[in-house]
Amino acid sequence: MRSDNIKKGIAKTPHRSLLMATGVSKKNIQSPFIGIASSFSDLVPGHIGMRDLERQIEKGIHTGGGQAFIFGVPAVCDGIAMGHDGMRYSLPSRDLIADCVETVANAHQLDGLVLLSNCDKITPAMLIAAARINIPTIIVTAGPMLDGESKCEKLTMIKGAFEAIGKYRNGEISEDRLIELEEASCPSAGACQGLYTANTMACLTEVIGMSLPHCATSAAVSSEKRRIAFESGMQIVELVRQNKCPLDIINRDSLRNAIIADLAMGGSTNSFLHILAIANAIEQAIPSPWGRVEALNEPKRIIEPRVGVDLKDFEELSHKIHQFVKLEPSNNITMTEFHKAGGVNAVLKELLKSVSEFKDCEGVALVKTSEIVKNAYVDRNVIHDYSEPFTTKPGLGILYGNIAPEGSVIKISAVDKSCYEFEGSAKCFNSEEEAMSALENNKIKEGDVVVIRYEGPKGGPGMREMLAPTSLLVGKGLGTKAALITDGRFSGGTRGICVGHICPEAANGGTIALIEDGDKIRIDINKRTLDLLVDEKTLEERRGKLQPFKAKATGFLAKYSRTVSDASHGAIV
């Protein structure tokens, strides 16, 4: 076992003494050492129930014959961080969390890991860490929140709270009703109720094979979630015994499976960033000097990971995959209802049957996907037959053009079909705050294209989510009448004609920095294009006057701004 480096032999007497100080018995010091990386936090609704799940995982590990050690990592709630400078820290926290897990796991020579996660950047961070460290690992996502309800109206965090602000300011609801919605929209622990980023990444983790079946959709407050946590603790010990490591599971086939499932379900646009970052982590993985963890009675094996997944895979598959699942925010079906309808297993069953590009892979359950889903229940009211999709368009799309020569993303599933072709006049803002002020003061009208720039990974820095302005657009009744484009990103809860991740970003001199008020912009989802209708000579003149960008940041964000790549490469550092 890798942990022999800290516990075997006379020279390790001091190490064993320190381990015994933690309460490890003489018998258990011979057991596989399993770390539980917990992102528990009293600050994050999706994570407040993790103390109980930690105990369940710990029980499972000890039942399976391992020795559990819990350690903590940071967690950011994107909803609470939204709409102010705190959001600049959300995406950078992904790499910070991966660094934390890698540091503890390697410093203490752990034999295996259970990574307890839930919300937006924490789950992809856990996947990145798993790929880097490459010791047996299972991810437990803590599960979705229960649906809210008020006066027989079903509520979610987005429609019950964020979009309610626009309805209140538009005079559609009273202040008393706004307060009622505020109190009822988020009734329990768990990730917010729709297929936003947290639940998208939980589903894709299950698709990839890094969590056990039903983990993604079982409610945070359910006994089923507690059982899955216990079973994950049991299973990680078996994975250590069999030397089943993340790079046996996360590869080109499983990542393309994740892209296909994402397109079929219409998940969050943030998944593009995260899948690209996970692929990069695999490409950069360098086997440690000790090789991989040895299975019992098995020689060391070192693999050369080559995944080769990039933005072209998203573009290629987005022209092929039909969307046969449509959940909140583009529909009123929540994760609770999706789980009852069959959840991820039902989606996998349909994809295996109908999509030739979807591969039959083996994950942490140690059986093929086809075996897991052969008896899966499918509610056709929620999960359509692939031959009868909600739309032959995918849930997500890549747009190119002179504004985004290196790509941009749009959640097609959240755009009304009447708006697949949209042309409007630019209204430009150099920050989210400027755009919000204009929206709140009714300066955005029908036919406008709101341009929010200098919010990319480098320019923000931190690539903030634009949920507040997009929700306000919808709340004010402009969801089909105005558009928004940005080099920042969106929440998985964003809906409307909203294009994000524009590359190159404004801070790198991208075309988005050259747009002026009144310029005509054309968005064509059918042709996958995003164009500024200004001649090249005029753009070159504007480029000559453009001032070099200097990040207004200190500390962690200054370092991030200097080292981060663009969104088309996953905003990796």
Side-chain angles (χ1 to χ4, degrees), residues 39-48 50 73-98 117-128 141-145 156-163 165 182 185-186 189-205 220 267-274 277 328-329 335 409 411 414 432-433 436 452 455-457 460-472 474 484 486 488-495 498 500-501 556-557 560 564 567 570-571:
S39 51
F40 165 79
S41 171
D42 281 330
L43 272 169
V44 184
H47 296 231
I48 58 174
M50 287 184 176
V73 299
V76 170
C77 175
D78 278 29
I80 296 172
M82 194 77 63
H84 54 86
D85 275 351
M87 178 48 72
R88 300 188 194 282
Y89 288 87
S90 174
L91 184 58
S93 76
R94 183 188 67 185
D95 297 272
L96 178 65
I97 293 162
S117 175
N118 211 22
C119 289
D120 295 23
K121 309 307 169 294
I122 300 97
T123 299
M126 298 297 199
L127 285 162
I128 290 167
T141 49
M145 182 184 289
T156 63
M157 186 272 290
I158 301 297
K159 292 180 179 176
F162 269 97
E163 292 180 7
I165 298 169
E182 173 187 314
S185 293
C186 299
C192 298
Q193 302 98 331
L195 194 62
Y196 317 143
T197 304
N199 289 319
T200 295
M201 291 310 301
C203 289
L204 299 189
T205 300
S268 166
T269 52
N270 284 307
S271 60
F272 286 50
L273 287 173
H274 301 322
E328 161 82 25
M335 293 302 293
V409 302
K411 188 166 184 172
E432 179 187 8
E433 287 82 0
M436 281 296 291
I452 306 179
E455 290 286 6
M463 203 178 184
R464 291 192 288 180
E465 288 184 352
M466 304 288 119
L467 179 59
T470 59
S471 296
L472 200 51
V474 172
L484 188 151
T486 180
R489 21 182 216 104
F490 298 125
S491 160
T494 290
R495 59 192 179 112
C498 300
H501 302 201
F556 176 46
L557 291 182
Y560 183 82
V564 70

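Atoms CG and CZ, on Leu91 and Arg464 in that order, are 13.0 Å from each other to the nearest 0.5 Å. Put simply, CG on Leu472 and CE on Met466 are 13.5 Å apart, with the number rounded to the nearest 0.5 Å. The distance from the CZ atom of Phe556 to the CG atom of Asp95 is 7.5 Å, given to the nearest 0.5 Å. The CG atom of Asn118 sits 12.0 Å away from the OG atom of Ser41 when rounded to the nearest 0.5 Å. Distance SG/Cys192 to CG/Leu195: 12.5 Å, rounded to 0.5 Å. Expressed to the nearest 0.5 Å, how far NE2 of His274 lies from CD1 of Ile128 amounts to 8.0 Å.
Here the side chains of Arg489 and Asn270 are in contact, with some heavy-atom distance below 4.5 Å. When side chains are defined from C-beta on, Arg495 counts as touching Glu163, because their heavy atoms get closer than 4.5 Å. Contact of the Ser271 side chain with the Leu204 side chain is registered, since non-hydrogen atoms from C-beta on lie closer than 4.5 Å. Proximity of Leu484 to Pro469: side-chain heavy atoms (C-beta onward) are separated by under 4.5 Å at one or more points. At a threshold of 4.5 Å between non-hydrogen side-chain atoms, the residues Met463 and Leu273 count as touching. Contact of the Leu127 side chain with the Thr205 side chain is registered, since non-hydrogen atoms from C-beta on lie closer than 4.5 Å. With a 4.5 Å cut-off on side-chain heavy atoms, Met126 and Val73 count as touching. Annotation: side chain of Cys203 is in contact with side chain of Met335 (closest heavy-atom distance under 4.5 Å).
In terms of heavy atoms, Gly190 sits closest to Ala220 at CA-CB, 3.6 Å. Minimum heavy-atom separation, Ser471 to Phe162: OG-CB, 3.6 Å. Closest non-hydrogen pair, Ala75 versus Ser39, comes out as CB-O, 3.6 Å. Cys119 approaches Ala198 most closely through the heavy-atom pair CA-CB, 3.7 Å. Of all non-hydrogen atoms in Ser268 and Thr200, the two that sit nearest each other are N-OG1, 3.1 Å.
In this structure, the side chain of Glu465 does not engage the main chain of Met82 through any donor-acceptor pair within 3.5 Å. Looking at Arg94, its side chain does come within 3.5 Å of a backbone N or O of Ala571 through a donor-acceptor pair. The backbone N or O of Leu467 sits nowhere less than 3.5 Å from a side-chain atom of Ser491 that would complete a donor-acceptor pair. Remark: side-chain polar atoms of His501 are not paired, donor with acceptor, to backbone N or O of Val409 under 3.5 angstrom. Side-chain atoms of Ser185 come within 3.5 Å of backbone atoms of Gly160 as a donor-acceptor pair (strictly under, hydrogens ignored).
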Could you go step by step and tell me if Thr156 and Tyr196 meet the side chain to side chain contact (heavy atoms under 4.5 Å, CB included) rule? CA-CA 11 Å; Thr156 63; Tyr196 317 143; 3.4 Å; yes
Side chain to side chain contact (heavy atoms under 4.5 Å, CB included), that's the test. Do Lys159 and Glu328 meet it? Break it down for me. CA-CA 9 Å; Lys159 292 180 179 176; Glu328 161 82 25; 3.3 Å; yes
Would you sort out whether Thr197 and Asp78 count as a side chain to side chain contact (heavy atoms under 4.5 Å, CB included), showing the intermediate values? CA-CA 10 Å; Thr197 304; Asp78 278 29; 6.0 Å; no
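Side-chain N/O atoms of Glu455 and Thr486 include no donor and acceptor closer than 3.5 Å. Residues Thr494 and Thr470 have side chains that bring a donor and an acceptor to within less than 3.5 angstrom of each other.
Note on Glu432 versus Arg88: no salt bridge recorded, every NZ/NE/NH1/NH2 to OD/OE distance being 4.0 Å or above.
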